[in-house]
J.: 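This is the structure I have questions about; it appears just below.
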Number of protein chains: 2
Amino acid sequence: MASHRPVTLRKEPSQRRSKDLVDIIVKATTRVLLKEGYEGCTTNRVAEVAGVSIGSVYQYFPNKESLVVRVMERHQEKLFAAMSEHLATLQDATLEQAAKTLVRAMLDAHRVEPRLHRVLREQVPRIGALKALHERYSAYEPMVTAWLETHRDQLGPSEPGVATWVLIAAVDGVLGRVLVDRPGWLEQEQLAQELERLIVAYLRGARA
Amino acid sequence: MASHRPVTLRKEPSQRRSKDLVDIIVKATTRVLLKEGYEGCTTNRVAEVAGVSIGSVYQYFPNKESLVVRVMERHQEKLFAAMSEHLATLQDATLEQAAKTLVRAMLDAHRVEPRLHRVLREQVPRIGALKALHERYSAYEPMVTAWLETHRDQLGPSEPGVATWVLIAAVDGVLGRVLVDRPGWLEQEQLAQELERLIVAYLRGARA
DNA sequence: GCCCGACGCGAGTATTTGCTCACGTTCTTC
DNA sequence: GAAGAACGTGAGCAAATACTCGCGTCGGGC
């Protein structure tokens with residue numbers, strides 16, 4: 001969804017050996033984040049887990065934050081890939097289909113690497129370079145708003161912009177809680193149905 | 001909602017002077033959390049902001065975690081107080097009234113100290129003694145489930161247990177995002193209405 | 001095969017952290 | 001008003017942290 005410009009790197013690895021090294025370091029960072037959380041994700045520990053020298057880490061990564069940025073970028077690329085497939089079919093969908101599509105998209109995104117997703121969203125602080133990354137999580141919002149705008153006639157009283165926002169925040173909130181409290185539900189069909197009903201009901205609108 | 005048994009304290013302050021001291025320290029912790037976030041909330045900094053010696057902090061608090069526990073306990077007491085007023089009237093309510101009540105309750109809770117609420121929920125790690133505190137945030141769930149169970153006939157196909165869970169997670173998710181991205185909306189009537197519609201529509205049920 | 005830049009190393013540094021402890025001050029009790 | 005308990009202090013410690021730098025190794029172009 002965005003081109004690969006690794007502003008995170010201090011120096012571009014040119015030889016094969018060093019490209020592998022960078023990859024190993026990023027994967028080690030992921031593993032440490034998973035096992036020790038963000039607090040326990042220290043640069044020395046990452047080097048240790050990666051089986052490389054701390055000096056090698058700083059050869060390519062300017063600071064600790066850039067390690068996590070890299071992990072988030074990679075994860076988000078996978079998320080967007082998983083979601084794009086679904087969302088491509090959104091525009092011509094009926095309300096029921098659209099709800100189904102959106103739910104499948106968001107569910108699939110949360111299924112890519114649930115535990116990593118949880119750590120990244122829960123623990124990684126929204127400061128500095130990481131803040132912008134966090135905001136990119138809902139980069140697909142405009143696609144939903146676009147759909148709502150072209151199907152305005154079928155909808156209740158909410159404005160498309162607000163409705164998109166509420167909808168995504170609600171579904172995302174549920175999925176976030178599922179990730180934390182009921183990880184098993186991610187694979188349950190019932191959850192998907194419940195969310196679809198939530199969306200359809202809300203969008204069709206009800207007097208309140 | 002729970003009695004005051006300060007297991008967090010290393011020693012109970014008996015004189016007036018020391019009771020005040022403990023209070024000053026807790027308030028300073030709150031201020032530091034607000035201004036510097038959880039990462040910046042160091043024990044030395046708390047002591048400095050409180051205008052007391054670091055030794056005095058450790059006279060009563062066994063460790064850093066216990067400081068934050070105290071802040072969370074105090075905040076949650078305020079939350080529960082704010083919510084209880086509303087939720088007391090829940091049992092005999094109609095669907096529309098119940099939705100309104102629930103939304104008002106959760107909105108009021110988020111309005112108590114929005115910035116602190118955000119820091120506590122976003123940044124405070126769910127580990128050790130803090131984990132249990134995090135889980136207490138939705139201690140009011142059973143009241144909602146109870147209402148759903150006695151009004152089952154008016155509801156759609158969802159089971160009360162699941163519906164409660166989805167509902168609260170959804171509303172809470174929206175409010176969480178509001179806190180982060182649109183803090184101004186907390187005071188907007190439109191947000192409340194949107195949430196009420198979300199609840200009513202979902203509970204009444206829709207074919208999907 | 002030789003050379004020079006790219007690569008990889010890890011002991012070491014400066015800083016920060018949570019926390020202790022020996023000592024001085026204030027309160028309470030009789 | 002004396003004595004002992006409760007209180008308050010802050011220099012300083014051990015451990016951890018992010019990060020550097022000088023030095024040895026590799027690898028590809030000539």
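Here is how names work: the chains are called A, B, and so on, in the same order as the sequence lines, proteins then strands, and each is numbered from 1. This is a predicted model, so every value here is computed, not measured.
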J.: Can you find a pair of side-chain heavy atoms, one from A:E122 and one from B:R121, that are under 4.5 Å apart?
T.: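 SC-SC contact between A:E122 and B:R121 ruled out.
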
J.: Roughly, in whole Å, what's the span from OH in A:Y58 to C1' in D:dT20?
T.: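 It works out to 10 Å between those atoms.
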
J.: How many Å lie between CD on A:E36 and P on D:dA16, as a whole number?
T.: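 These atoms are roughly 13 Å apart.
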
J.: Specify the separation, in whole Å, of atom CD of B:E48 and atom P of C:dT16.
T.: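 From B:E48 CD to C:dT16 P: 12 Å.
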
J.: B:R10 side chain N/O closer than 4.0 Å to the phosphate oxygens (OP1, OP2) of C:dT20?
T.: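 So the side-chain polar atoms of B:R10 do come within 4.0 Å of the phosphate oxygens OP1 or OP2 of C:dT20, strictly under.
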
J.: Polar-atom pairs under 3.5 Å, protein N or O versus N or O of nucleotides 7-13 of chain D: list them with distances, or write none.
T.:
residue: D:dC7; atom: OP1; partner: B:S14; partner atom: N; Å: 2.8
residue: D:dC7; atom: OP1; partner: B:S14; partner atom: OG; Å: 3.0
residue: D:dC7; atom: OP1; partner: B:Q15; partner atom: N; Å: 3.0
residue: D:dC7; atom: OP1; partner: B:S18; partner atom: OG; Å: 2.8
residue: D:dC7; atom: O5'; partner: B:Y60; partner atom: OH; Å: 3.4
residue: D:dG8; atom: OP2; partner: B:Y60; partner atom: OH; Å: 3.4
residue: D:dT9; atom: OP2; partner: B:S53; partner atom: N; Å: 3.2
residue: D:dT9; atom: OP2; partner: B:S56; partner atom: OG; Å: 2.8
residue: D:dG10; atom: N7; partner: B:S53; partner atom: OG; Å: 2.4
residue: D:dG10; atom: N7; partner: B:G55; partner atom: N; Å: 3.4

J.: Between B:E65 and B:R16, which has a closest nucleotide on DNA chain C that is more 5'?
T.: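 Looking at the nearest nucleotide for each, B:E65 comes out on the 5' side.
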
J.: What integer distance in Å separates A:R45:CZ from D:dA15:C1'?
T.: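 One finds 16 Å between C1' of D:dA15 and CZ of A:R45, rounded.
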
J.: Please give me the minimum heavy-atom distance between B:V68 and B:Y38, naming the atom from each residue.
T.: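 Taking B:V68 first and B:Y38 second, the nearest heavy atoms are CG2-CE1, 3.8 Å.
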
J.: So does A:R126 pair up with B:E39, basic N to acidic O under 4.0 Å?
T.: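 Result for this pair is no, no salt bridge flagged.
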
J.: We want to know whether B:T29 and B:R70 form a side-chain donor-acceptor pair, criterion being a heavy-atom distance below 3.5 angstrom.
T.: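 Short answer, no.
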
J.: Can you tell me how far P of C:dT17 sits from CZ of B:F61, to the nearest Å?
T.: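 Roughly 19 Å, once rounded to whole Å.
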
J.: Given atom CD of A:E39 and atom P of C:dT17, what is their separation to the nearest angstrom?
T.: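 That distance rounds to 13 Å.
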
J.: For the residue pair B:H151 and B:W147, does the interplanar ring angle fall in the parallel (under 30°), tilted (30 to 60°) or perpendicular (over 60°) class?
T.: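 Parallel, since the angle between the ring planes stays under 30°.
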
J.: Do you know the tightest heavy-atom contact between A:P13 and A:K19?
T.: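 Looking at all heavy atoms of both residues, the shortest contact is O-NZ, 3.4 Å.
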
